Amino acid sequence: MTQKSLISITGRLQRLLVSFSAYVLLIAGLMILVFELSHQRHILHSQAQTFAVLIAPELASELIADASVASGPLLQDYLSEADLLGLYVYRKDGSEYARSVKPEFAQALPTPSFKLRAQLNEAHQISLDLFEYSLPIRHNNRLVGQLYLQYGLATIERQMLLYFVSVVLIYALLLLGMYLLSRRILRRFAEPVGQILTVIDTVRTTKNFSLSVPENDQYCELNRLSSDLNWVLQQANKSTLALQAHQQEIEQHIYFDPLTGLVNRRMLIQRIEREVVRAKRTGQIGALVYLDLDHFKAINDSLGHNVGDAVLKSVALRISKAVREADTPARLGGDEFVVLLPELGKSESSAAHNALNIAEKIRQAISTVHQLDERDLHVTPSIGIALFDGEKSDLENLLMQADLAMYQAKEDGRNRVQFFLKQMQEHTDHRRQIEESLRQAIANDKLYVCYQPLVRSDGAVVGAEALVRWEDEEEGLISPSAFIPIAEMTDLICYLGQWVLTDVCKQMAAWEDQGKNLVVSVNISPREFQQTDFVEQVQEIVLTTGVKAEHLVLELTEGILLNNIEAVSGKMQRLSQLGIRFSLDDFGKGYSSLQYLKQLPLSALKIDQSFVRSITTDSNDAEIVATIIAMAQTLGIEVIAEGVENREELECLKHWGCQLFQGFYFSRAVRAKRIHRLIRRTGKHSLQPAPIASLMKHQFSK
Ligand code: C2E
Ligand code: CA
Ligand code: CA
């Protein structure tokens with residue numbers, strides 16, 4: 001029940017009570033008046049009767065004597081009787097004998113009623129202003145005449161007026177009393193109940209349980225009701241607050257990143273959806289800014305996860321400060337952040353201009369040195385931007401576009417901002433296509449392995465590098481440089497690597513069975529090596545193919561070393577225990593850290609071909625290569641120069657002390673059966689290299 005209805009019910013009750021009392025009192029008053037009227041009439045009747053009976057004998061004697069003249073003064077005396085206005089005496093035959101009328105009423109009084117005065121018994125009648133009485137006058141039981149009296153009602157009227165006034169007064173007083181009583185009830189009962197109901201109503205509509213009802217101790221029950229309600233509200237409030245806290249916690253979990261407090265992917269997608277709808281309405285263009293920290297993994301690995309987390313928090317804070325109120329910074333996970341920038345302008349050029357400004361501001365904010373734990377840390381982001389308007393409905397695609405642009409920024413040298421361009425999408429689509437075809441090629445055995453000889457300075461073939469080839473029916477021979485990076489983006493590289501390693505080991509085992517031993521190096525991508533069961537996989541392949549592990553070299557790149565160096569070293573040790581050796585590929589291209597060389601069980605390093613290419617033209621590169629060779633010799637690690645294409649390069653390298661070579665100058669990578677001819681039959685455990693002269697004769701093209 002609402003407060004209004006209660007108040008209205010109480011009001012109705014009050015009105016009902018008052019009007020009921022009014023009616024009852026009115027009826028009572030009227031009844032009193034009616035009773036009084038009849039009582040007065042009765043009195044008047046008695047008065048008239050007494051008077052008539054009193055004067056009747058005297059009048060009878062007069063009538064008998066028929067002394068009408070004498071009775072004149074007598075009748076006049078009778079008029080002194082209270083309220084008597086007229087007195088008439090008639091003879092037996094009905095003729096008037098005498099009359100006496102108060103002069104002031106002579107005109108107003110009606111003619112005596114014939115019907116009344118013809119009565120043989122006493123009779124009376126009353127009208128609005130007159131009481132008429134008639135009595136037959138007898139003498140010795142013999143009718144001698146008729147007495148007829150007319151009484152005025154002034155006294156009765158006065159009396160009745162007095163009564164009426166008193167009744168009305170009493171009536172008004174009683175009504176007032178009733179009214180005051182009901183008001184008091186209203187105030188004492190309805191108002192507190194009204195307050196209770198108001199609170200209940202407000203709680204119902206606002207769900208705010210922190211309200212309370214004022215408690216007063218006038219009426220025990222009402223007070224208990226108020227205090228009990230307050231108790232219930234308090235409990236509900238406590239539960240609601242606890243529930244809200246829980247809900248907030250859950251929402252925080254569902255929609256926010258616990259580390260940085262930024263919104264997470266789920267919430268970001270919702271906000272993008274909302275902004276796309278708004279963009280449709282307003283015609284405004286917005287942007288997604290996708291950013292990834294450059295070499296963040298190195299910070300995590302070298303300084304630990306606590307520092308990594310602190311950097312992420314600091315970056316999140318810088319992003320939040322750099323953007324507008326309406327923008328939404330989000331963390332997707334790892335070191336990837338996205339900022340949603342709505343309403344950047346109605347034209348593409350102004351929106352792009354604004355987005356670029358904000359992205360540049362973010363880039364600069366992040367690139368400023370971070371002071372964490374009294375340590376100065378430098379972090380830079382690579383940033384991609386994708387614009388959106390109301391027409392963009394594929395949100396995942398939008399995110400992917402910004403991501404692609406970010407990748408482009410990375411490829412372009414990192415710490416820069418790049419817009420998404422249509423070509424990038426085409427590039428991705430192309431990449432996806434290749435990935436799918438490669439998957440099928442592996443499944444359908446469309447790949448094969450070629451071997452590029454590893455040549456010693458005396459010209460002997462001391463080993464080979466296994467290089468995978470893909471011959472597609474439509475595309476022809478596809479270069480590994482085209483498909484390996486694509487395979488490396490997904491776990492496809494693990495599948496491919498396992499296939500290559502198995503194929504190579506089978507081949508080596510077959511050669512070994514023929515008494516031909518060749519050391520073969522197999523390229524291992526970082527993602528392959530990072531598999532938790534990589535050691536077990538290699539072990540199983542070695543065991544099942546029966547190849548001699550000491551003939552197997554795994555070529556790793558520095559990319560692997562960016563991970564936890566201890567874990568990497570552990571894996572390498574376990575494989576070394578089997579007899580497998582390692583060489584560090586593309587040395588000089590990446591970080592080329594000397595520390596790695598000392599920490600890891602490496603047997604060789606391969607100088608990247610880009611250096612070899614320029615040793616004859618670039619004195620700087622020549623110096624670097626000479627230093628690498630000298631350094632490796634000091635550490636007792638073999639050096640292999642790859643990409644040797646001419647005698648000049650070979651001579652230079654030989655001059656600096658390099659003894660192992662690989663390159664088109666000697667041979668391209670060739671099919672197994674061709675390299676097979678180069679491998680000399682040797683004793684079971686020794687490796688007798690084939691002389692370079694025999695190799696030169698072949699000059700393989702493929
Ligand atoms: P890489 O490991 O640096 O392999 C050497 C690449 O240099 C090979 O290219 C080889 O054909 C090429 N090469 C050798 N000598 C010369 C030369 O004198 N001049 C020039 N210009 N190039 C020379 P390829 O076979 O196209 O392989 C490219 C890359 O693909 C390899 O670079 C390697 O990183 C990757 N790759 C090839 N096979 C595999 C594999 O089975 N697994 C993995 N993970 N990667 C592989
Ligand atoms: Ca290699
Ligand atoms: Ca290489």
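Please read these numbers as outputs of a predicted model, since none were measured by experiment. Numbering starts at 1 and runs along the sequence shown. Start at 1 and go down the list; that is how both ligands and their atoms are numbered.
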When you measure from the side chain of [X] to the backbone N and O of [Y], does any donor-acceptor pair fall under 3.5 Å?
| X | Y | result |
| --- | --- | --- |
| N444 | Q440 | yes |
| R318 | T368 | yes |
| D373 | R375 | no |
| E528 | I524 | no |
| S569 | I565 | no |

Given V462, which of V455, I640, L660, L518 fulfils the side chain to side chain contact (heavy atoms under 4.5 Å, CB included) condition?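 Between V462 and the candidates, side chain to side chain contact (heavy atoms under 4.5 Å, CB included) is satisfied uniquely by L660.
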Give, for atom CG of L492 and atom CD1 of I486, the distance between the pair rounded to the nearest 0.5 Å. 9.5 Å
Is the shortest distance from [atom] to a protein heavy atom below 4.0 Å?
| atom | value |
| --- | --- |
| atom 27 (O) of ligand 1 | yes |
| atom 19 (N) of ligand 1 | yes |
| atom 34 (O) of ligand 1 | no |

Identity and distance of the protein heavy atom lying nearest [atom]:
| atom | value |
| --- | --- |
| atom 6 (C) of ligand 1 | Q609 NE2, 3.5 Å |
| atom 16 (C) of ligand 1 | F664 CE2, 3.2 Å |
| atom 8 (C) of ligand 1 | L467 CD1, 3.8 Å |
| atom 30 (O) of ligand 1 | P480 CB, 3.5 Å |

Relative to ligand 1, is [X] under 4.0 angstrom through side chain, backbone, both or neither, heavy atoms considered?
| X | result |
| --- | --- |
| R527 | neither |
| D586 | side chain |
| T557 | neither |
| N523 | both |
| V500 | side chain |

I'd like to know if [X] contacts ligand 1, where contact means a heavy-atom distance under 4.0 Å to any ligand atom.
| X | value |
| --- | --- |
| K606 | no |
| A669 | no |
| E488 | no |
| Q662 | no |
| R668 | no |
| G497 | no |

More than 12 heavy atoms of other residues, nucleotides or ligands under 6.0 Å from [atom1] of [X]: yes or no?
| X | atom1 | result |
| --- | --- | --- |
| Y407 | OH | no |
| Q425 | CD | yes |
| E488 | CD | yes |
| K506 | NZ | no |
| E648 | CD | no |
| K571 | NZ | yes |

Under 4.0 Å to a heavy atom of [X] - the qualifying atoms of ligand 1, by number:
| X | answer |
| --- | --- |
| R469 | 11 (O), 25 (O) |
| E528 | 44 (N) |
| E645 | 17 (C), 18 (O), 19 (N), 20 (C), 21 (N) |
| R613 | 19 (N), 20 (C), 21 (N) |
| S481 | 26 (O), 28 (C) |
| Q452 | 14 (C), 15 (N) |

Check the side chains of S382 and D294 for a donor-acceptor pair under 3.5 angstrom, ignoring hydrogens and angles.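 A pair is found: one side chain offers a donor N or O, the other an acceptor, under 3.5 Å apart.
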Should D585 be counted as touching ligand 1, given the test is an N or O pair under 3.5 Å? yes
Under 3.5 Å, N or O to N or O, is V468 touching ligand 1 that way?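 Between V468 and ligand 1, an N or O pair is found under 3.5 Å apart.
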Which single N/O/S atom of E642 lies at minimum distance from the Ca ion (ligand 3)? OE2
Could you pull out the atom name of the N/O/S atom in E555 that is nearest the Ca ion (ligand 2)?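 Minimum-distance N/O/S atom of E555 relative to the Ca ion (ligand 2) is OE1.
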Has [X] got an N, O or S atom lying less than 3.0 Å from the Ca ion (ligand 2)?
| X | result |
| --- | --- |
| S521 | no |
| E465 | yes |
| D585 | yes |

Is there a side-chain contact between W511 and I675 in this structure, where contact means two heavy atoms from C-beta onward sitting under 4.5 Å apart? yes
K422/E426 ion pair, N-O < 4.0 Å: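 No salt bridge links K422 with E426.
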Less than 4.0 Å between a side-chain N and a carboxylate O, is that true for E473 and K446? yes
Among E555, Q662, R581, which residue satisfies the side-chain hydrogen bond (donor to acceptor under 3.5 Å, both in side chains) criterion with S521? E555
